[in-house]
Trainee: 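This is the structure I have questions about; it appears just below.
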Amino acid sequence: PQESTPSTPSASGLACGKDALKTRTGGKLTIGTDDPAYEPWFTENKPENGKGFESAVAYAVAEKLGYARADVVWTRVTFNNAIAPGPKPFDFDINQFSVTEERRKAVDFSSPYYLVRQTVIALKGSKIAGAKSLADLKGATLGAQVGTTSYQAITDVIKPSGKPQVYNSNDDAKKALQNGQIDGLVVDLPTAFYITGAEITDATIVGQLPQVGVPEQFGLVLDKDSPLTGCVTQAVDALRNDGKLTELEKQWLAQTAGAPELT
Amino acid sequence: MSVLSCRGLRKEFSGHVVLDGLDLDVAEHEVVALIGASGSGKSTLLRCVNLLEEIDDGTIHLDGEHITDPRVNPDRVRQRIGIVFQSYNLFPHMTVLDNVTLAPRRVHRRERAAAEAQARELLARVGLAEKAGAYPDRLSGGQQQRVAIVRALVNSPRLMLLDEVTSALDPELVGEVLTMIRDLKAQGMTMVLATHEMGFARQVADRVCFLDGGKVIEQGPPEQVFATPTHPRTRQFLHRIIEAGRL
Amino acid sequence: MSVLSCRGLRKEFSGHVVLDGLDLDVAEHEVVALIGASGSGKSTLLRCVNLLEEIDDGTIHLDGEHITDPRVNPDRVRQRIGIVFQSYNLFPHMTVLDNVTLAPRRVHRRERAAAEAQARELLARVGLAEKAGAYPDRLSGGQQQRVAIVRALVNSPRLMLLDEVTSALDPELVGEVLTMIRDLKAQGMTMVLATHEMGFARQVADRVCFLDGGKVIEQGPPEQVFATPTHPRTRQFLHRIIEAGRL
Amino acid sequence: MRTAQQPRSEAARERTVHRRRQTVRSVLIAAGSTGVLGTLLVVAVTGAPGWDRVRASFFDPGIARAALPEILAGLWLNVRLLFFCAFGALALGLVVALLRTLRGPVFFPVRALATGYTYTFRGLPLIIVLYVLTLGVPGLRLQGMPSVLVLGGIALVITYSGYLAEVFRAGIESVHPSQWAAARSLGLTYRQTMRHVVLPQAVRRVAPPLLNDTVALQKDVGLVSLAGPIDAVRAAQIATADTFNYTPYIVAGVLFVLLAIPLIAVTDWVTLRAARRQAGG
Amino acid sequence: MRTAQQPRSEAARERTVHRRRQTVRSVLIAAGSTGVLGTLLVVAVTGAPGWDRVRASFFDPGIARAALPEILAGLWLNVRLLFFCAFGALALGLVVALLRTLRGPVFFPVRALATGYTYTFRGLPLIIVLYVLTLGVPGLRLQGMPSVLVLGGIALVITYSGYLAEVFRAGIESVHPSQWAAARSLGLTYRQTMRHVVLPQAVRRVAPPLLNDTVALQKDVGLVSLAGPIDAVRAAQIATADTFNYTPYIVAGVLFVLLAIPLIAVTDWVTLRAARRQAGG
Ligand SMILES: Nc1ncnc2c1ncn2[C@@H]1O[C@H](COP(=O)(O)OP(=O)(O)OP(=O)(O)O)[C@@H](O)[C@H]1O
Ligand SMILES: Nc1ncnc2c1ncn2[C@@H]1O[C@H](COP(=O)(O)OP(=O)(O)OP(=O)(O)O)[C@@H](O)[C@H]1O
Ligand SMILES: [Mg+2]
Ligand SMILES: [Mg+2]
C-alpha cells in the first residue's frame with residue numbers, strides 16, 4: 001500500500017497551507033460523510049466527535065493541512081451521491097470509498113488510508129456459518145448494499161447460483177440478515193467486526209474473501225479535478241509515513257486481525 | 001273488497017308535510033288517475049304504497065293485508081305491486097330480456113328457460129319481440145317505457161302503479177305506451193296512475209283524483225271532474241293547464 | 001328585404017341527408033314556426049343559420065350579407081343572431097347576472113357597470129330582477145329559460161332563433177316563457193322557432209313551416225296549416241299529434 | 001304547512017313504539033358488535049405468540065419520543081416540497097392539457113409533443129426520473145445547476161404533471177358540447193369560451209381526481225430522500241439504524257396519516273358529492 | 001336518403017375549392033411547423049454546451065446493450081408482481097368498499113374498521129408499509145412467515161386497496177337511486193340489488209380511475225426492491241454504479257414506458273369515453 005496510485009498528481013512543490021488552499025469556504029475545511037455514519041468508522045453517528053477510525057483520520061488530515069478542529073465543518077452526503085459525477089458540497093468525503101478505476105472517472109481519490117478486505121458474515125446457526133471455501137457459499141443467498149464493492153465481490157468473486165439481494169443501505173441488509181431473509185451479508189472487515197461484535201451478536205464472521213487483482217483500498221473522495229487532491233494526498237502520505245495511520249488503526253480497528261480466510 | 005286502501009296517510013320530509021291524512025280506495029279492475037300540481041305528492045303517494053318510503057301515519061292495506069305493519073317484509077309486498085317510473089329506470093347494463101327476467105329468476109327462482117319464454121311472450125304482445133336482445137340505450141323512449149311496464153307485469157302484480165309514464169316521451173311516441181295501458185285496462189288490471197296529461201287521464205281512467213294540500217280534494221269520473229269541477233282549487237289548476245295549451 | 005334568406009341549404013351527417021335543398025325567407029318583424037317530425041331537421045336548420053354547423057351546399061344571407069362565405073368571421077355573425085336552446089344551456093358556474101353580461105363584457109368590451117345596468121333592466125322587464133345574483137340551479141326551468149332568452153337578447157340581435165324553448169318545461173311553467181315571447185313579438189323582434197307544441201305555434205307564429213324530407217313542404221298562416229293542411233304528409237303528422245292529445 | 005310532531009292514530013303510535021324499540025336495539029347491537037369485534041381483535045393480536053416482540057420492535061415509546069424531533073424536521077421538508085410541487089404540477093399539467101386540446105394544423109407538433117409528454121411521464125417510475133435528475137444531471141456540470149432539492153422537486157413536478165394533464169383534459173372533454181355551443185353562439189371566441197366557460201366547469205368536475213393526486217403526491221415527495229435530502233421517512237430510517245427498532249417508522253407513518261387525514265376527508269367529500277351529483281343528473 | 005357527393009351550386013363549388021385549399025394549407029402548415037419546431041429542438045438540445053457530455057452519460061449504446069439483459073430480468077419481476085398485486089388489490093378494495101357501504105347497526109364496527117383502513121392506507125407512504133412488512137415483520141420470526149416478495153406484494157396490495165376501495169365506493173354511490181328503487185320495487189333484496197344491478201354499473205363507471213391506479217401500481221411495484229429483490233430499476237442502478245453512466249436508467253425508463261403505453265392508451269380511451277358520456281348525459 002505504500003505506492004500511491006499513478007494518476008495522483010505529485011504533491012511536491014505544492015503550497016498546502018491553510019491559507020493557500022482553495023476550499024469551499026475560505027479558512028474552513030468541509031468534510032463529507034453519510035448519514036447515518038456507521039461504527040466503527042464513526043461513533044454515535046457523530047463525525048464531529050473525532051472518535052472512530054475515519055473521524056480520527058479526517059481530523060488528522062485536517063491537522064496536517066493546517067486546520068484546527070474548529071475549522072472542520074461536517075456535511076452529510078449519501079454514499080451514491082458522493083461518488084456520482086457532479087459538483088460536490090464537500091472538500092473531501094470519507095465514507096469507506098474503495099478506490100476503483102471506474103470511480104476514478106467520476107471523482108478524484110487521495111492516496112489510500114486503509115487496506116480493506118471484503119468479508120462474509122452470517123448468523124451463527126446459518127447453513128453457511130461454517131463455510132471454509134467460496135464453493136461452500138455457492139448455494140447461499142447473499143446480500144449487500146447497492147453501489148458498493150461488497151456487491152461487486154458477490155457477483156465477481158463468489159458468483160453464487162442464486163440472485164443476490166441488494167439493499168439501499170447496510171441497515172436494511174443487516175435487518176434482512178437478522179430476519180433470516182439472507183444467509184450471508186458481505187461488508188468490509190471492520191464493519192463485519194462491528195456488526196458481529198456489537199449489533200447482531202448472534203452473527204459471526206464466516207471469512208474474508210480472497211483478494212483478486214489489485215488490493216482494495218479506501219481513499220478520500222474529492223471532486224473531479226479538485227485543486228485540493230494533491231495536498232490531501234500529500235497529507236495522507238505523511239500520516240502513513242509517520243505511522244499515524246497505523247496508530248489510529250490500532251486504536252479504533254484493533255480487533256480486526258485474525259478473521260479466517262476463504263479460499 | 002278494494003285492492004288498495006289508504007287511510008289517513010301522512011308523510012313529511014323533514015317537517016314539510018306532503019301527504020296529510022290522505023284517504024284513497026281502489027277497487028279491483030279500477031283505473032284511478034291522480035292529478036294535481038307539481039309537488040302535490042302524487043309520486044310520494046305511489047312510492048309510499050310500494051313501501052319505498054316509510055309513512056309517518058295512517059295505514060295501507062293491499063287486498064286486505066295491512067302492509068304498513070312494521071313486521072311485514074317489504075320485499076314480499078313489493079313482489080305483488082308493479083311500479084313504473086317516468087324515467088323508465090331500465091337497467092342499462094342488461095339486455096331487454098335480462099331486464100324482464102331478473103325478478104322472476106332471482107326473486108321467484110324460476111328456471112331461466114321458463115322465465116325467458118314468458119318474457120318473450122309478453123314482449124311479443126307489445127310488439128317488442130325482436131328487441132329482446134337489445135340494450136336499453138338502443139331503444140326509443142316509448143320502447144323503453146313499454147319494456148319497463150313488461151318488467152313490472154312479469155311478476156303478475158295485483159296492482160300497477162304508473163308514475164308519469166308518458167311525460168318523458170316525445171309526443172309522437174306517447175301513442176305506443178297509451179295503447180299498451182289501454183290493453184292492460186281491457187285485461188282488467190287494477191292501476192293507479194299519476195299524470196300531467198289530462199288527455200291521457202280522460203282516455204284511460206275510471207276515476208280522476210285531484211290531489212292538493214296532501215289530500216284528495218275532488219274525485220269523480222273524468223268527464224265530470226274536467227267539465228264541471230266543483231272545488232275552486234281544481235278549477236284554478238285546470239285553468240292553468242288549459243292556458244298552457246294542454247287540455 | 002328579408003332578414004334571413006336560405007337558398008338550397010343542404011346538410012348531411014356522414015351520408016345521412018338532413019337538409020336537402022331547403023329554402024326559407026324570413027321578413028323583418030316576422031315570426032316563423034318550424035314544425036315537423038322528430039329528426040326532420042328543425043334544430044339542424046337553426047344551428048346552420050347560427051354557423052354552429054357547416055353547410056354542405058346552398059347559401060344563407062343575413063340582412064343581405066352572405067354569411068356562409070368561408071371568408072366571413074363566424075364570431076362576428078353570431079353576435080348578430082341570438083339562439084336559445086331547449087335545454088337553456090346557462091353557464092352553471094355563473095350567476096344569472098354574469099351569464100347575461102358575459103357576452104357584452106367579453107365580446108363587446110363594455111364596462112361592467114354599463115353591462116350590468118342593461119342586464120338588470122332586461123331581467124326586471126321579465127320579472128327576474130331579484131334573481132340576478134342567483135345561480136341557474138336555484139331557478140325553475142321557466143326562469144332559466146327566460147334568463148337564456150335575456151342572455152341572447154342582450155346582444156341586440158337582428159334575429160332570434162328559438163329551439164323547442166318550452167318542451168323541457170313543466171306545463172305550468174310554460175306560460176311564463178310564452179308570455180315573454182309574445183312580448184318580444186310585440187316589440188317587433190324577428191324570430192324563427194322550432195316547436196313540437198302546436199298550441200304555441202298557433203299562438204305566436206305569423207307563419208308555420210312544415211319540414212319533411214329536408215325541405216319545407218308546406219307553409220302558411222297557422223290557422224290555414226292546422227285547419228286545412230294540403231300536403232298528405234302534413235295531414236298525417238297533424239293526425240299523430242292529435243292522437244297523442246297535444247293539439 | 002304544519003310541522004306537527006305527534007302522530008295521532010293507533011297505527012301510528014304502534015309504529016312509533018316499534019321504531020323506537022328498533023332504534024334502541026340498533027344502538028345496543030352496534031355497541032355489542034363493536035365490543036365483541038374489538039375484544040376479538042385485541043385478543044387475537046395481543047395473544048399471538050409474537051406479540052411481545054412486535055410491541056418491543058414496533059411500539060417502543062422511548063424510542064418514539066427520541067426519534068420524534070428528527071422525524072418532524074424531516075416532515076417539514078415533505079410539507080414544503082408538497083406545497084411547491086403541488087402548485088408546479090397543477091400549473092404545468094394545465095398548460096400541457098391546454099396544448100393537447102388545441103385545434104388546428106399549426107398546432108399539430110405541439111399537440112404531439114404534449115401527448116408524448118403525458119405518455120412518457122405517466123409511464124416512467126418517479127424513482128427513475130428522480131435518479132436521472134438528481135444524480136445524473138448534476139454530473140453534466142452545466143452552468144446554474146440548481147440544488148438537489150430543486151432538481152428533485154422538478155422530477156416530482158414533471159412526473160405528476162403528466163397525470164394532471166390527463167385529468168384536466170378529461171375535465172375539459174366532460175363539459176357538455178352545448179356549453180361550447182351556447183358560448184360560441186354569443187360570439188365568444190375559442191379562447192374566451194375556454195377561459196370563461198369551459199375551464200371553470202372542467203376544474204370543478206375533476207376536483208376529486210386532482211385532490212387524489214395531491215394525496216398521492218404527499219406520499220411521494222419523500223422519495224427525493226433517495227437523492228440525499230432527509231425527509232421524514234429517511235429520518236425514521238436513520239433513527240432505525242441507530243436503534244435497530246422499527247418504532248420510528250410507525251411514528252413517521254402516524255404523522256403521515258395525521259397530515260393526510262384532512263386532505264383525504266376533503267377528497268372523499270368532494271368525490272362523493274360528485275358521484276351523487278352524477279347519480280342525481 | 002341519397003348520398004350524393006358532388007355539390008351542385010356555384011356557391012358550393014366555391015366553398016369546396018376554398019375548403020380543399022384550406023386542407024392543403026393545413027397539411028403544409030402542420031408539416032412546416034413540425035419541421036421548424038423539430039429543428040429548433042434538435043439544434044437547441046444538441047447545440048447546448050453540455051450536449052456531448054449528456055450523450056456520453058445518458059445515451060451510450062454500448063452500455064445500454066450491456067445493461068439490457070439484467071434490466072429485462074428485473075422487469076420480469078415487475079410484471080409478475082404487477083399481475084398478482086393488481087388482482088389482489090382489486091379484490092381487497094372491492095371487499096372493503098362493500099363493507100363500508102353496508103347499512104344497519106350491526107355493521108357499525110365493520111364500517112368503522114373499513115373507513116379507518118381506507119384512511120390509514122391512503123395516507124401512509126408505500127415505502128413505510130414496505131419497510132415495516134418486509135424488514136420489520138420478519139424480524140418477529142413468527143411461524144410460516146412468507147418470503148420477502150410475498151410480503152412486499154402484500155404491502156402493495158394493502159396500500160393500493162385503500163385507494164381502490166374508495167374508487168369502488170364512489171362508483172357505487174354514483175349509481176342513481178332510481179336504479180335501487182327499480183330493483184327493490186321488483187322485490188330484489190339489498191344483496192341481490194347490489195350484486196346484479198348496482199355493482200356492474202358501478203364498476204363500469206369507475207373503470208378510468210381503476211385503470212389509472214393500475215398504471216400507478218405498475219410504477220410502484222419496483223419499490224419492493226428496497227427489501228432485496230432486484231427489479232428493473234435496481235438492475236439499472238447496479239449497472240450505473242458499475243459505470244457511472246446513466247444510460248441504464250434511460251434503458252429501464254424506455255422499457256417502462258413501452259410496457260405502460262398500451263395500458264395508458266386504454267385508460268385514456270376509457271376516460272375520454274366516460275367524460276364524453278358524462279358530457280352527453
Ligand atoms: N326524498 C325527498 N326528500 C325531501 N323532499 C322530498 C322528497 N321527495 C319528494 N319531496 C318533496 O315532496 C313534495 C312532493 O313531491 P312529489 O314528487 O310527490 O310531487 P308530485 O306531485 O309527484 O310532483 P310532480 O308532478 O313534479 O312529479 C315536493 O315538494 C318534493 O320536493
Ligand atoms: N352532430 C350530428 N351528427 C350526426 N347526426 C346528427 C347530428 N345532429 C343531428 N343529427 C341527425 O340529424 C337529424 C335531424 O336532427 P335534428 O335535431 O335537426 O332534428 P329535429 O327536427 O330538431 O328533431 P327534434 O324534434 O327531435 O328536436 C336526426 O336524424 C339526427 O340524428
Ligand atoms: Mg312526480
Ligand atoms: Mg330539435
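In the text below, chain A, chain B and the rest are named by the order of the sequence lines, each starting its count at 1.
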Trainee: With a 4.5 angstrom heavy-atom cut-off, could you sort out which part of E:Leu259 is near chain D: side chain, backbone, both or neither?
Mentor: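 Answer is neither: E:Leu259 stays 4.5 Å or more from chain D.
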Trainee: Less than 4.5 Å apart, side chain to side chain, heavy atoms only: is that true for E:Phe108 and D:Ile29?
Mentor: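 Not in contact.
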Trainee: Between E:Val233 and chain D, with a heavy-atom cut-off of 4.5 Å, which part of the residue counts as in contact: side chain, backbone, both or neither?
Mentor: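 Contact with chain D: side chain only.
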Trainee: Pick one of side chain, backbone, both or neither for D:Phe58, based on which atoms fall under 4.5 Å of a heavy atom in chain E.
Mentor: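 D:Phe58 touches chain E through side-chain heavy atoms alone.
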Trainee: Non-hydrogen atoms of chain D under 4.5 Å away: do they reach the side chain of E:Ala232, the backbone, both or neither?
Mentor: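 Neither part; nothing is under 4.5 Å.
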Trainee: Where on E:Ala31 is there a heavy atom nearer than 4.5 Å to chain D: the side chain, the backbone, both, or neither?
Mentor: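 When you check distances to chain D, no heavy atom of E:Ala31 falls under 4.5 Å.
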Trainee: Look up atom OH in D:Tyr131 and atom OH in E:Tyr249, then write down how far apart they are to the nearest 0.5 Å.
Mentor: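 Answer for the OH-OH pair, D:Tyr131 versus E:Tyr249, is 5.0 Å.
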Trainee: Measuring from atom CG of D:Asp213 to atom CG of E:Asn212, what distance do you get when rounded to the nearest 0.5 angstrom?
Mentor: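 If we round to the nearest 0.5 Å, D:Asp213:CG and E:Asn212:CG are 7.5 Å apart.
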Trainee: In terms of heavy-atom proximity below 4.5 Å to chain D, should E:Phe256 be classed as side chain, backbone, both, or neither?
Mentor: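 Contact with chain D: backbone and side chain both.
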Trainee: Going by salt bridge (Lys or Arg N to Asp or Glu O under 4.0 Å), name the pairs with one or both residues in residues 112-137 of chain D, residues two or more places apart or in two chains.
Mentor: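 Listed once each, the pairs are D:Arg122-E:Asp268.
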Trainee: Heavy-atom distance under 4.5 Å to chain D: side chain of E:Thr247, backbone, both or neither?
Mentor: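 No part of E:Thr247 comes within 4.5 Å of chain D.
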Trainee: How long is the straight-line distance from CD1 of E:Ile127 back to CG of D:Leu226, given to the nearest 0.5 Å?
Mentor: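 D:Leu226 atom CG to E:Ile127 atom CD1 measures 6.0 Å (nearest 0.5 Å).
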Trainee: Evaluate D:Val257 against E:Phe121 for side-chain contact (heavy atoms from CB on, under 4.5 Å), listing each step before the verdict.
Mentor: CA-CA 8 Å; D:Val257 172; E:Phe121 292 105; over 6 Å; no
Trainee: For the interface with chain E, which of D:Thr118, D:Leu37, D:Leu272 has the highest count of heavy-atom pairs at distances below 4.5 Å?
Mentor: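 Option with the top pair count is D:Leu272.
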Trainee: Where does D:Thr159 contact chain E at under 4.5 Å (heavy atoms): side chain, backbone, both or neither?
Mentor: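 For D:Thr159, the side chain is the part near chain E, not the backbone.
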Trainee: Where on E:Gln179 is there a heavy atom nearer than 4.5 Å to chain D: the side chain, the backbone, both, or neither?
Mentor: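 Neither part, no heavy atoms under 4.5 Å.
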Trainee: Can you measure from CG (E:Leu223) to CG (D:Leu126) and round to the nearest 0.5 angstrom?
Mentor: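 Output value for this atom pair is 9.0 Å.
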Trainee: Quick one: which of E:Gly38, E:Ala265, E:Gly35 has the most heavy-atom pairs under 4.5 Å with chain D, could you say?
Mentor: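 The option with the most such pairs is E:Ala265.
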Trainee: Please state whether the side chain, the backbone, both or neither of E:Ile261 comes within less than 4.5 Å of a heavy atom of chain D.
Mentor: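 For E:Ile261, backbone and side chain are both near chain D.
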Trainee: Using non-hydrogen atoms only, which part of D:Ala216 is less than 4.5 Å away from chain E: side chain, backbone, both, or neither?
Mentor: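 Backbone plus side chain of D:Ala216, per the 4.5 Å heavy-atom cut-off to chain E.
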Trainee: Which heavy-atom pair separates D:Thr271 from E:Ala170 by the least distance, and what is that distance?
Mentor: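 The answer is CG2-CB, 3.7 Å.
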Trainee: Can you tell me how far CG of E:Asp220 sits from CG of D:Asp220, rounded to the nearest 0.5 angstrom?
Mentor: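 CG of E:Asp220 is found 6.0 Å from CG of D:Asp220.
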Trainee: Considering all heavy atoms of both residues, which atom of D:Gly123 and which atom of E:Ile264 are nearest to each other, and what is their separation?
Mentor: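 That closest heavy-atom pairing would be N-CD1, 3.8 Å.
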Trainee: Sort E:Leu113 into side chain, backbone, both or neither according to what part of it lies under 4.5 angstrom from a heavy atom of chain D.
Mentor: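 Side chain only.
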